[in-house]
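Notes follow once the structure below has been shown.
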Amino acid sequence: MAEKNYGSTRIVVGAHYGLRDWLAQRITALLMALFTIVLLAQVLLPAYARDINGERLHDAAGNLVPLGGYDKWAGIFNPQWMRVLTLVVIVSLAYHAWVGMRDVWMDYVKPVGARLLLQVFTIVWLVGCAGWAIQVLWRL
Amino acid sequence: MWELVQSRIRESNASSSFSVWKSFSELRQYGQVETRIHAFDLIDAREFGWIAGLKTADVRIARALIWSYLHHFIAGLRHVWMDATHSVSLAFGRQSAAFTLGSSLILTIALGLKLFFF
C-alpha cells in the first residue's frame with residue numbers, strides 16, 4: 001500500500017532543501033558559537049611567552065613574560081587546531097550567511113530578475129570574503 | 001632604528017617568532033620601548049598596526065560591529081535553545097529576548113574596554 005499523502009506523512013514540498021538548510025544553519029551556528037567562546041576566552045585571559053617546545057619563558061627575575069597586542073593575537077592563531085577551527089568557521093559563516101540572505105531575498109524581493117541579481121551578488125561577496133579571510137589566516 | 005632591527009634579526013638568525021621576540025626584548029632593555037612597538041608594526045604586524053591608528057569614528061564602527069555580532073550570537077543560542085527544548089511560551093520569549101539584549105550590551109562594553117583601553 002502506498003504511503004498516505006495526508007496527515008503527518010503528507011508531502012508538502014518536493015526538494016526538502018528547507019530542512020537541510022535549517023539544519024545546516026543550526027550546525028554552522030553551533031560551530032561559530034564554539035569558536036566565539038574559545039576566541040573570547042583567549043582574548044580576555046592573559047597569555048605568556050613560550051619557547052618552541054611550548055615551555056613558558058621567564059625573564060631575568062624569574063617572572064613569566066606576559067604577551068600583549070600583536071604577539072598575543074598571533075599566538076592565539078598559531079596552533080594548528082586553532083587554524084583548522086578558524087578555517088571551519090570561515091566556511092560555516094559563509095554558508096550560514098548564504099542561507100540567511102537567501103531567505104531574506106526570497107521573502108522580500110518579488111521581481112525574479114532583481115532577486116537573481118541580489119543572490120548572485122551575495123554569493124560573489126561571500127566567496128570573496130571567505131577567500132580573503134583564508135588568506136589572512138594562513139599569512140598570519 | 002629599522003636597520004638596527006634588521007641587523008638584530010640577522011644576528012639571531014631568526015627562524016622562529018621567538019628569536020625575533022628575543023631580539024626585540026633586547027632592544028626593550030636599551031629603553032627603546034616606543035621604537036620597538038613601531039618596529040614591530042613594520043615587521044610582523046603590518047596588518048595589526050592599524051588598531052593603534054584607529055580614529056574615534058572607527059572605534060564606534062568597531063563597537064557597533066562587535067555589538068551586532070554578539071547580539072546575533074546570543075540570539076542564535078536562544079533559537080537553538082528554543083528548538084532543543086520546545087520553549088514556546090510568551091513568558092520565556094519575553095524574558096530571553098530581554099536577556100539577549102542586556103547580555104550582548106554588557107559583553108560589548110566589556111570587550112570594548114578590553115580592546116581599546118587596556
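Convention: sequence-line order gives letters A, B, ...; per-chain numbering from 1. The basis for the numbers below is simple: all heavy atoms, side chains too, and nothing from hydrogens, waters or symmetry mates. Not measured: the values here are computed from a predicted model.
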Quick one: which residues of [range] reach chain B at under 4.5 angstrom, heavy atoms only?
| range | result |
| --- | --- |
| residues 86-100 of chain A | A:H96 |
| residues 36-45 of chain A | A:T36, A:I37, A:L40, A:V43, A:L44 |
| residues 113-128 of chain A | none |

* To do: For A:D103, enumerate each residue passing the salt bridge (charged side-chain N to carboxylate O under 4.0 Å, His left out) test, keeping only those at least two apart in sequence or located in another chain.
  => none
* Near B:F92 CZ, under 6.0 Å, is it more than 12 heavy atoms from other residues, nucleotides or ligands? ->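 Yes, because the 6.0 Å sphere around CZ of B:F92 holds more than 12 heavy atoms from other groups.
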May I ask whether [X] and [Y] are part of the same hydrophobic cluster, defined by side-chain heavy atoms of I, L, V, M, F, W, Y residues being less than 4.5 angstrom apart, directly or through others?
| X | Y | answer |
| --- | --- | --- |
| A:W105 | A:Y108 | yes |
| A:V104 | A:V109 | yes |
| A:L34 | A:M32 | yes |
| B:I66 | B:L77 | yes |
| A:I76 | A:W81 | yes |

* **chain A contacts, top residue of B:D83, B:V80, B:I74, B:L107 (heavy-atom pairs, under 4.5 Å)** =>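 The option with the most such pairs is B:D83.
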